[in-house]
Amino acid sequence: MMNNWVTVCDETDLVSGTGVCALLNKEQVAIFKISKGSALYAISNYDPIGKANVLSRGIVGSVGDDIVVASPLYKQHFNLESGVCLEDEAASVKTFPIRVTDGKVQLQAAS
Amino acid sequence: MSKQRIVVVGNGMVGHHYVETLANTNLDVEITVIGGEPRPAYDRVHLSEVFDGKNPEDLAMTTREHYKELNVSAHFGDFVATIDRENKCVVTEGGRRFEYDKLVLATGSYPFVPPIPGGDQEHCLTYRTIDDLGEIKASAKGMKKGVVVGGGLLGLECANALKNLGVEAHVVEFAPGLMGVQLDEGGSKMLRRKVEGLGVCVHTGKATQVIKKGEEHRLRMEFADETHLETDMIVFSAGIRPYDQLGRDAGLDVGDRGGIVIDYHCRTSDSDIYAIGECASLGNFIYGLVAPGYRMAEAAVSQLTEDKVSFSGADMSTKLKLLGVDVGSIGDAHGRADGAQRYSYCDENAEVYKSIIVSQDNKKLLGAVLVGDASEYDTLLQYMLNEIELPEAPEAFILPSVEGGESIGLGADALPDTATVCSCYAVTKGDLCNAVQNGATTMAAIKDVTSASTGCGGCAALTKQVMDSELIKLGVEVNNDICEHFPYTRIELADIIRVKKIKTFDELLDSHGKGHGCEICKPTIGSILASYWNEYVLKDEHISLQDTNDIFLGNMQKDGSYSIVPRVQGGEITPDKLIVIGEVAKEFDLYTKITGGQRIDLFGAQLHELPAIWRILIDAGFETGHAYGKSLRTAKSCVGSTWCRYGVDDSVGMAIDMENRYKGLRTPHKFKLGVSGCTRECAEAQSKDIGIIATETGWNLYVCGNGGMRPRHADLFATDLDKSTLIKYVDRFLMFYIRTADRLQRTSVWLENLEGGLDYLKEVVIDDKLNIAKELEAEMAVNIENYQCEWKTTINNEERLKRFQHYINSEATDDNLAYVVEREQRRPAFEDEKNKAEVIKLVG
Ligand code: SRM
Ligand SMILES: Cc1cc2nc3c(=O)[nH]c(=O)nc-3n(C[C@H](O)[C@H](O)[C@H](O)COP(=O)(O)OP(=O)(O)OC[C@H]3O[C@@H](n4cnc5c(N)ncnc54)[C@H](O)[C@@H]3O)c2cc1C
Ligand code: SF4
Ligand code: FES
């Protein structure tokens, strides 16, 4: 199937400026809603530097023009759009397609 | 004329530096590099970090692609077997042939394995390359005990690596002491004491005669004194030998102690062949450090250009952390120079040894040895390298500073322009100043332009000092903005919030900032908002400002789980409450520990367990301990007049009252209280932000003490106070601190930076010189009135509790958590334990 979007929660479950973690098949996905604008972002929840599933619990913000989350363990920044780790490109993480339909937050599962 | 062909043999740290330096000149040359190891150059100096969890790939200094970009033809995994000087070419073991116009030997060295019968069997290893690491790991797997032969710098580093692999580490050394090359006797003894304290067994004066099969362990080492030691593996680290065979076979001159002889231009006895790094011998000396190797590489490159730099030796001073112990050795550590005199200081209690060696006339520093505390290293090194005249009493460098005494550290301004600040990249103070003048005004820019502090990093503090001092000279204001989103300091932000009555972060960002904020400004502003308005920190408007610790009201631990610290006011606790803590810990299988702050920490709770645990605790009368917030931690007390025969007042009661008064207050950094019942000071109140000590006639108040990273003894602020005056002063003091301190500034540092110092502080708090005392007291009163136990508010709020779940769409739990039982309690498994059988997996 090409368009297998999976609903993970309601848009109202998300608090502006914070993240949550969703389970997509067997993967942990960190979902963020930022305070300015209405965009949602989804990246892997695993912090390859701290080696723990914590990115959804980091502080969201910006570095220059990049929208980022700072890992709560050792504070490296991950670009929410590209998954690139600003401090160490080798530690970049996966991103996931995300959308809101009828108030439902949906992630696209790999086909 | 066709291009000059340069062939480099060896792609270690120095060979790589040569290639990189040469490729960056505008010389039109054809560069070929042949490396024996299967991978391009990597950072050997930080090899042991692989045992701390770094990936071998993280050590890479270059890549094949990068060499391609530089137009360098690179070949790996094939050793050069012969040099044919007549036909000017080299041939590899794999049979490949490369012609050269100039040849550069950068073959480095190899570990020396003493010729001991049995020393060549399985599990007898060496430690120099990434491949060696793999073998050491494999050999240590599931084993109990390992020996390192050699108690020098590399041997101790290797012992640490074994320890990190979970193996009992032993060091066997032939000489009577450790690190005999770099340390004097006193230093060597202190190092031994510390290393043994860390659980490494040291055996000195041991000559190994034979290595046999063991009985309890794989191997058995027999020593000349008829003792023996059994072990599962042996790593030889008994010195290095230059890889000079290629040169020898080709008839190049070789030094008495090995190494290919070079002149000041790094030329060997064949003027078309250079040798650099650890395979080279200058004046019969081999430089076993990377920085001198880099200087040789640069000198060798410069021979192909107009300006011919020479290499005439290098300073061998070193500063390092071995097994977590700071060690520094400078210059003539053994005091071998004529008439040299030594000053030494030894404190066996604090485990610190320091000595300096000065010239006969007491004017010049010749050398130094530092063990246990190397904080004077930079200053001493500058004195020695630049031959700066020593102060009258040079012993002050190594004696602990007396209260009120002046520090005799060397400011950046005292250094001559020629002083080398970064020895890894040979950057002088002059170079740094130039860079600043040309617009490099941040550390990032300085690093970019000069490379300073991008090697071992040891010079970072001095580099920053030189930069700041140069900026000030240029009249540039040193930028103290909190971050890129707000062009203000914390104090300015606090004033804006207070005066404009701003209640949310977004309001402030719209009116005074830009971008989206970050992990620096958000918690800072969250804390200021809380200090003035003290609302529930988890209201929707505030939640995104908080660190995870504040959102989930617990400290995140290294595996993503949280800790639980209930408040235990003054450290006083009833048996019933102790039982509740014990029961909760048992029910949720939490690792339990008494903290350094007189209370109990429960570790390893998962998000979804936090509310259930806190519900039980709150029902039993506990409150949150704010171990997560920048706020009041504990009020440490001694038992005082309640039981103690010397107690002159009720220190426990006072501690409990003070803790209850200030609990929950948000401050620029955490703060701590201590209350002692008499001058014996069992509560260590003088190491706290606020210290209170009972006297026959009242209470003495101390302020701005600190333990932690940089301990500071508190200052006596007022004496013989009655309780209500005491409280008034503390209210004012804290609120003034909140108004004027910088982000993450403990009271100790705040006071040190406060213009006017302690006297000014007294004028504000006691004499009300600024006429704000009433305002400060009123602000504190609002805070006290608005106090709520955040955990109590949280467990009664269904909406809030939704966050306490690992997944928003599933009740499952994090599948990456894994634990090991140690000393009868569980702890997170280390990465390399995660796949072992005895690991407890918590899969939900
Ligand atoms: C649990 C405890 C260690 C223990 O097992 O005993 C501890 C644990 C931590 N300390 Fe501490 N400190 C603990 C007592 C201390 C003490 C001793 C004391 O309070 O008497 C000190 C020195 C006294 C002082 O602060 O002046 C202390 C000085 C520090 C410092 C250095 C502060 C400084 O000014 O230099 C930090 C780092 C920081 O705050 O930036 C720190 C930071 C930490 C952190 C928060 C590190 C972190 O970010 O993970 C640890 C988290 C605790 C947790 O997860 O619950 N901890 N820490 C102690 C908790 C006491 C309590 O009941 O709340
Ligand atoms: C564990 C450890 C910790 C250290 N810590 C420090 C420290 O803290 N500070 C410090 O200054 N120094 C330290 N050193 C020393 C530092 O690593 C060396 O000084 C530096 O690596 C020397 O560089 P080099 O290029 O001369 O030799 P190497 O890095 O040894 O490189 C030589 C390379 O040449 C290759 N080679 C040899 N023969 C041939 C051949 N015939 N054909 C092709 N290739 C060949 C070798 O395989 C090797 O890859 C440490 C070393 C080790 C092992
Ligand atoms: S000293 Fe404090 S911060 Fe450091 S490991 Fe111990 S508890 Fe953690
Ligand atoms: S001295 Fe090592 S980086 Fe500067």
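Owing to the predicted nature of the structure, the values given are computational and were not obtained by experimental measurement. Order of the sequence lines fixes the chain letters, A, B, ..., with proteins taken first and strands second; residue numbering starts at 1 for each chain.
Using a 4.5 Å cut-off between heavy atoms, A/Ile31 does not touch chain B at all. Both the backbone and the side chain of A/Val8 have a heavy atom closer than 4.5 Å to some heavy atom of chain B. Only the backbone of B/Leu545 comes within less than 4.5 Å of a heavy atom of chain A; no side-chain atom from C-beta onward does. Only the backbone of B/Asp559 comes within contact range of chain A, judged by heavy atoms closer than 4.5 Å. For B/Glu57, no part lies near chain A; criterion is any non-hydrogen pair under 4.5 Å. With a 4.5 Å cut-off on non-hydrogen atoms, A/Asn45 touches chain B through its side chain but not through its backbone. If you measure heavy-atom distances from A/Val63 to chain B, the contacts under 4.5 Å come from both the backbone and the side chain. For B/Glu519, the parts lying under 4.5 angstrom from a heavy atom of chain A are both the backbone and the side chain. The contact between A/Ser16 and chain B is made entirely by backbone atoms, counting heavy-atom distances below 4.5 Å.
Of the listed residues B/Thr548, B/Asp58, B/Asp506, B/Leu607, the one with more heavy-atom pairs under 4.5 angstrom with chain A than any other is B/Thr548. Between chain A and the options B/Lys514, B/Gln805, B/His485, heavy-atom pairs under 4.5 Å are most frequent for B/His485.
Nearest heavy atom pair, residue A/Leu73 against residue B/Gln557, reads CD2-O, 3.6 Å. Nearest heavy-atom pair, A/Ala52 versus B/Lys558, reported as atom, atom and distance to 0.1 Å: CB-O, 3.9 Å. Considering all non-hydrogen atoms of both residues, A/Gly19 and B/Arg803 come closest at O-NH2, 3.6 Å. A/Tyr46 and B/Asn816 make their closest contact through CE1-ND2, 3.8 Å (heavy atoms, listed as atom of the first residue, atom of the second, distance). Shortest non-hydrogen contact noted between A/Val54 and B/Gly560 is CG1-CA, 3.7 Å. Considering all non-hydrogen atoms of both residues, A/Ala22 and B/Ile808 come closest at CB-CG2, 4.1 Å.
With rounding to the nearest 0.5 Å, the separation of CG in A/Leu107 from CG in B/Asn809 is 8.0 Å. To the nearest 0.5 Å, atom CE of residue B/Met556 and atom CZ of residue A/Arg57 are 4.0 Å apart. To the nearest 0.5 Å, atom NZ of residue A/Lys75 and atom CD1 of residue B/Ile520 are 9.5 Å apart. Taking OH of B/Tyr807 as the start and OG of A/Ser56 as the end, the distance is 9.5 Å to the nearest 0.5 Å.
Residues B/Asp815 and A/Asn53 meet the side-chain proximity criterion, which asks for heavy atoms closer than 4.5 Å. Residues B/Lys802 and A/Val15 fail the side-chain proximity criterion, which asks for heavy atoms closer than 4.5 Å. B/Asp814 has its side chain within reach of A/Gln28: a pair of non-hydrogen atoms, C-beta onward, lies under 4.5 Å apart. In this structure, the side chains of B/His516 and A/Ile67 come closer than 4.5 Å at one or more pairs of heavy atoms.
Each of B/Cys518, B/Pro523, B/Ser544 was checked for a side-chain contact (heavy atoms from CB on, under 4.5 Å) with A/Ile59, and the lone residue meeting it is B/Pro523.
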